[in-house]
Protein chains: 2
Amino acid sequence: MNIGQAASASGVSAKMIRYYEQVGLIASPARTEAGYRDYSPDEVHMLRFIRRARDLGFSVEQMTNLLALWSDRSRASSDVKRFAMAHVVELERKMRELRAMADTLRHLAKTCHGDERPNCPIIEELSSGHEAVPPKPKRASSRRYGAH
Amino acid sequence: MNIGQAASASGVSAKMIRYYEQVGLIASPARTEAGYRDYSPDEVHMLRFIRRARDLGFSVEQMTNLLALWSDRSRASSDVKRFAMAHVVELERKMRELRAMADTLRHLAKTCHGDERPNCPIIEELSSGHEAVPPKPKRASSRRYGAH
DNA sequence: GATAGAGCTTCCAGTGACTGGAAGGTCAAG
DNA sequence: CTTGACCTTCCAGTCACTGGAAGCTCTATC
C-alpha cells in the first residue's frame with residue numbers, strides 16, 4: 001500500500017503521515033524498489049489509531065505515550081484510564097477558559113445597544129475597565145488558542 | 001516611560017510589546033537619545049486595551065480591527081456588537097469541539113475497569129472502533145488546539 | 001514507444017503568537 | 001569605576017501542520 005492509499009484508508013493525509021514519520025511518532029515503513037513508502041495493514045491500523053487519538057485532542061507527544069500503552073501487553077488498564085482522565089481534565093480546563101471569555105463578552109454585548117450610535121460599552125470596558133475576565137483567581141493560566 | 005515600565009503598567013510583557021510593534025499591531029513609539037523605546041500614557045492605555053482583548057481570546061488580526069473600532073468615533077455600536085458576537089460564536093464552536101472530545105473520552109473511560117489487568121476498552125476503541133467522536137455530522141471542522 | 005497526468009520523493013518556507021537566548025549598549029547606585 | 005539591572009537587535013525554537021518547487025515513477029491512452 002503506498003502513502004496515498006494508506007492516507008485514504010486511515011484518514012490521515014499523506015503530508016501528515018510523512019510528518020509523523022519525521023518527528024518519530026511512527027517508524028519508517030518499507031520502501032519499494034522505486035523508493036515509494038509501502039505500508040502494511042498493521043501500519044495502516046496504527047494510522048487509524050493515531051487519527052482517532054488526534055480527534056480526541058491528543059498531542060503528538062501524548063500519542064507517543066498512547067501507542068506505547070497500546071503495544072504494551074502488560075500495562076494495567078488503570079494506566080490507560082489515568083492517562084485518559086488527565087486529558088479530560090485538561091480539556092475541561094480549556095473549556096472553562098473559553099466559557100469565561102464567552103460569558104464576559106456576552107455580558108458586555110448585552111449592555112451594548114447595538115444601534116447606529118457610536119456609544120458602546122464593549123469598547124469602553126476594554127478601554128478603561130477592570131480585569132476583562134473577572135471571576136478568576138490568580139492562577140498561572142496558559143491561554144494560547146484564542147483564535148487563528 | 002520605558003518598555004519595562006509600560007509592560008508592568010499594562011500587563012503586556014516587554015517581549016510581547018516588541019512583537020506587537022514588529023507585526024504592526026501598534027505603531028513604533030518615540031525613542032530616547034539612547035534608543036530606548038519611550039511610551040506615552042496613551043500608548044500604555046492602548047496596551048491595556050490590547051491585554052484585555054487578548055484575555056478575551058482575540059487574535060492579533062482581530063485586535064487590529066478592535067483598535068480601529070476603538071479609534072473610529074463615527075462607527076456604530078452595532079459594528080462593535082456584531083464583531084463581539086461573531087467572536088462569541090467562534091468561542092462556542094471551540095467549546096463544543098472540546099466538549100465532544102471530553103464526552104467521548106469520559107464515556108470510554110467509564111467502561112474501563114481501571115484495575116491492574118491489561119484489558120482496556122479505551123485502547124480497544126481507539127484501536128478498532130468506529131469514529132472517535134460519533135455524534136457529529138460531516139462538518140468540515142478545524143480541530144487544532146488539542147493539547148500542547 | 002511516446003506522452004500526459006497523477007502520484008510519489010525530498011527539501012524548504014510559512015503559519016500564530018509568542019518565548020528564550022546571545023551579544024552588546026545604557027543607566028543608576030554604591 | 002564597577003556592578004547589575006535594563007535596554008537594544010537579531011536569530012532560533014515551539015506545535016502541528018500546510019503549501020509549493022523540483023524532480024522521479026507509474027499507469028493509461030494513442
Side-chain angles (χ1 to χ4, degrees), chain A residues 1-26 28-39 47 50-67 87 90 94 97 101 140-148, chain B residues 1-26 28-39 47 50-51 53-66 87 90 94 97 101 140-148:
Chain A
M1 230 183 190
N2 66 28
I3 201 169
Q5 295 167 320
S8 46
S10 65
V12 181
S13 75
K15 276 273 187 193
M16 284 168 66
I17 294 173
R18 289 194 203 97
Y19 169 74
Y20 287 151
E21 180 185 331
Q22 189 195 312
V23 300
L25 177 63
I26 57 180
S28 307
R31 297 279 182 147
T32 65
E33 284 183 12
Y36 282 24
R37 285 175 181 78
D38 190 20
Y39 294 92
L47 286 171
I50 286 169
R51 167 142 162 68
R52 296 202 187 89
R54 205 206 52 156
D55 282 351
L56 290 174
F58 287 102
S59 68
V60 168
E61 193 186 352
Q62 289 172 323
M63 288 195 284
T64 305
N65 294 332
L66 277 175
L67 287 174
H87 188 51
E90 182 62 12
K94 291 180 180 172
E97 290 204 8
M101 293 175 189
S141 79
S142 61
R143 33 197 149 270
R144 220 81 39 232
Y145 72 82
H148 286 318
Chain B
M1 229 182 190
N2 66 27
I3 200 169
Q5 295 166 321
S8 47
S10 66
V12 182
S13 75
K15 277 273 186 194
M16 285 169 67
I17 293 174
R18 289 193 203 98
Y19 170 75
Y20 289 150
E21 181 185 331
Q22 189 195 315
V23 299
L25 177 63
I26 56 179
S28 306
R31 298 280 182 145
T32 64
E33 286 184 11
Y36 282 24
R37 285 174 182 78
D38 189 19
Y39 294 92
L47 287 171
I50 286 169
R51 166 139 163 73
R54 204 204 52 157
D55 282 351
L56 290 174
F58 288 102
S59 68
V60 168
E61 193 185 350
Q62 291 172 321
M63 287 194 285
T64 305
N65 295 330
L66 278 175
H87 188 52
E90 182 61 14
K94 291 180 180 173
E97 289 203 8
M101 294 176 188
S141 78
S142 62
R143 35 195 146 273
R144 223 82 34 232
Y145 71 79
H148 285 320

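Note on naming: letters A, B, ... go to the chains in the order of the sequence lines (proteins, then strands), and numbering restarts at 1 for each one. Only a predicted model underlies this, so the values are computations on that prediction, with no experimental measurement involved.
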Rounding to an integer number of Å, can you tell me how far B:Gln22 CD sits from C:dA17 P? 13 Å
Of all the choices, D:dT25, D:dC7, C:dT10, which nucleotide is nearest to the side chain of A:Arg18 once you look at every atom? C:dT10
Nearest-Å distance for atom pair CD/P, residues B:Gln5 and C:dA28: 10 Å
Ranking D:dC7, C:dC27, D:dC26 by distance to the side chain of A:Ala34, first place goes to D:dC26
Shortest side-chain distance from B:Ser59, nucleotide among C:dA17, D:dC17, D:dG19: C:dA17
Side chain proximity check, A:Tyr20 to A:Val60, heavy atoms < 4.5 angstrom: yes
Can you tell me how far C1' of D:dA16 sits from CD1 of A:Ile17, to the nearest Å? 15 Å
Using atom CE of A:Met1 as one end and atom P of D:dC26 as the other, report the distance to the nearest whole Å. 18 Å
Rounded distance in Å - OH (B:Tyr39) to C1' (D:dC6): 14 Å
Rounded to the nearest Å, what distance is computed from the CD atom of residue A:Glu21 to the P atom of nucleotide D:dA16? 17 Å
Heavy atoms from C-beta onward define the side chain here; which of C:dC18, C:dT9, D:dA16 lies closest to that of B:Val60? C:dC18
Shortest side-chain distance from A:Asn2, nucleotide among C:dG7, D:dT18, D:dT25: C:dG7
Contacts of A:Lys15 and B:Asp38 projected onto DNA chain D by closest heavy atom; the upstream (5') one is B:Asp38
Heavy-atom check, side chain of B:Lys94 versus side chain of B:Glu97, under 4.5 Å: no
Do A:Ile26 and A:Ile17 make a side-chain contact, defined as non-hydrogen atoms from C-beta onward lying under 4.5 Å apart? yes
Shortest side-chain distance from A:Tyr36, nucleotide among D:dC26, D:dT9, D:dC7: D:dC26
Are B:Arg54 and C:dC18 close enough that a side-chain N or O sits under 4.0 Å from OP1 or OP2? yes
Have a look at B:Arg37 and say if it touches a base, only the backbone sugar-phosphate, or nothing, with a 4.0 Å heavy-atom cut-off. sugar-phosphate
Quick one: does A:His87's side chain have a donor or acceptor within less than 3.5 Å of a partner on A:Gln62's backbone? no
Between A:Tyr20 and D:dA16, is there a side-chain N or O to OP1/OP2 distance below 4.0 Å? no
Expressed as a whole number of angstroms, how long is the span from B:Asp55:CG to C:dC18:P? 10 Å
Round to a whole Å and report the spacing from CD1 of A:Ile3 to C1' of C:dT10. 12 Å
Choose from C:dC8, D:dC17, D:dG20 the nucleotide whose nearest atom is closest to any side-chain atom of A:Tyr19. D:dC17
Test item: A:Leu67 and A:Ile50 side chains (from C-beta on) under 4.5 Å apart, heavy atoms: yes
N/O (side chain, A:Arg31) to phosphate O (OP1/OP2, C:dT10) under 4.0 Å: yes
